[in-house]
Amino acid sequence: MDELRIGFGEDAHRLAEGRSLVLGGVSLPEATRGPLAHSDGDALLHAVTDALLSAWALGDIGAHFPDTDPAHAGADSAGLLRGALTVALAAAGELRPRQVSAVVTLDRPKLGPHRGAIAASLAELLDLPLDRVGVTFKTSEGLAPDHVQARAVVLWG
Ligand code: C5P
Ligand code: MG
């Protein structure tokens, strides 16, 4: 069998008034709260970024882009993802990301109307066709109304 690699990533942020909600690189203007974070707090991109690194045992986002580093304050998470992808590709030989599957848990707003835009953004960032980008949404059923959480798996082949 040709070599395959798989990486899993997760991220969560507390939601607060006066913060913008960005998920998968897409701004959600109807959100009344957004993540408290050193960067833009894009939990979905952070989960995908960790999944990219994890597939190659390259540590995690904080190891490569420390949140104590002022250079990363308010950082565009797409830039962090691209940086991690470059590091992972350097370890990956001929392999590259072939598929991403992600779950976002958020009570509100509804994310379904943004699924196409979020999937297209991930597809562009990972250079994947849309039919290899699965994005699903869940509420916490009220168990974590003040959090946004994302989990992602990336397959390399
Ligand atoms: O969490 P729950 O199973 O009740 O979510 C039902 C459906 O609502 C999900 O399958 C998803 O399509 C949608 N949803 C959404 N935006 C959210 C949470 C859930 O569009 N923030
Ligand atoms: Mg349910």
Side-chain angles (χ1 to χ4, degrees), residues 4-55 58-68 72-85 88 96-157:
L4 293 174
R5 289 283 180 130
I6 194 163
F8 176 66
E10 188 273 347
D11 191 41
H13 288 280
R14 181 179 296 277
L15 297 170
E17 308 283 340
R19 297 276 303 177
S20 308
L21 181 61
V22 186
L23 282 170
V26 175
S27 292
L28 307 177
E30 72 272 35
T32 58
R33 298 188 297 172
L36 275 178
H38 187 67
S39 70
D40 62 9
D42 189 325
L44 178 52
L45 290 192
H46 295 173
V48 172
T49 299
D50 273 352
L52 289 168
L53 294 168
S54 180
L58 286 167
D60 55 32
I61 192 169
H64 291 268
F65 312 105
D67 65 5
T68 49
H72 303 133
D76 169 18
S77 294
L80 300 183
L81 186 152
R82 287 194 188 93
L85 180 57
R96 63 179 182 82
R98 298 290 179 181
Q99 188 186 349
V100 59
S101 179
V103 182
V104 178
T105 303
L106 180 73
D107 279 4
R108 65 178 65 86
K110 281 289 181 194
L111 296 172
H114 299 285
R115 194 189 319 271
I118 291 170
S121 174
L122 290 181
E124 192 270 323
L125 285 165
L126 296 172
D127 193 21
L128 287 171
L130 270 178
D131 69 354
R132 286 169 177 263
V133 180
V135 185
T136 62
F137 306 124
K138 299 301 292 181
T139 70
S140 77
E141 298 283 359
L143 293 169
D146 302 321
H147 287 77
V148 57
Q149 185 165 30
R151 303 174 177 92
V153 172
V154 176
L155 177 72
W156 294 70

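For the single chain, residues carry numbers from 1 onward in sequence order. Because the structure is predicted, anything quoted here is derived from the model rather than measured. Numbering of ligands and ligand atoms starts at 1, following listing order. Computation of the quantities below employed the complete heavy-atom set of this structure, encompassing side-chain atoms and omitting hydrogens, waters and symmetry-equivalent molecules.
Taking every heavy atom of Lys110 and a limit of under 4.0 angstrom, the matching atoms of ligand 1 come to 8 (O), 13 (C), 14 (N), 15 (C), 16 (N), 19 (C), 20 (O). In summary, the atoms of ligand 1 found under 4.0 Å from a heavy atom of Leu111, numbered by their order in the structure, are 15 (C), 16 (N), 17 (C), 20 (O), 21 (N).
Between atom 21 (N) of ligand 1 and the options Leu28, Leu106, Leu23, Thr105, the minimum heavy-atom separation is to Leu106.
Here the side chains of Asp42 and Asp11 are not in contact, with every heavy-atom distance at 4.5 Å or above.
To the nearest 0.5 Å, atom CG of residue Leu44 and atom CG of residue Leu111 are 9.5 Å apart. Considering CZ of Arg82 and CG of Leu45, their distance stands at 9.5 Å, rounded to 0.5 Å.
Where the criterion is an N or O separation shorter than 3.5 Å, residue side chain and backbone included, Arg108 fails it with respect to ligand 1.
Panel note: side chain Arg14, backbone Leu36; no donor-acceptor pair is recorded below 3.5 Å. No donor-acceptor pair under 3.5 Å is formed between the side chain of Ser27 and the backbone N or O of Pro29.
Residue contact annotation: Glu141 has a non-hydrogen atom under 4.0 Å from ligand 1. Ligand 1 has at least one atom lying under 4.0 Å from a heavy atom of Pro109.
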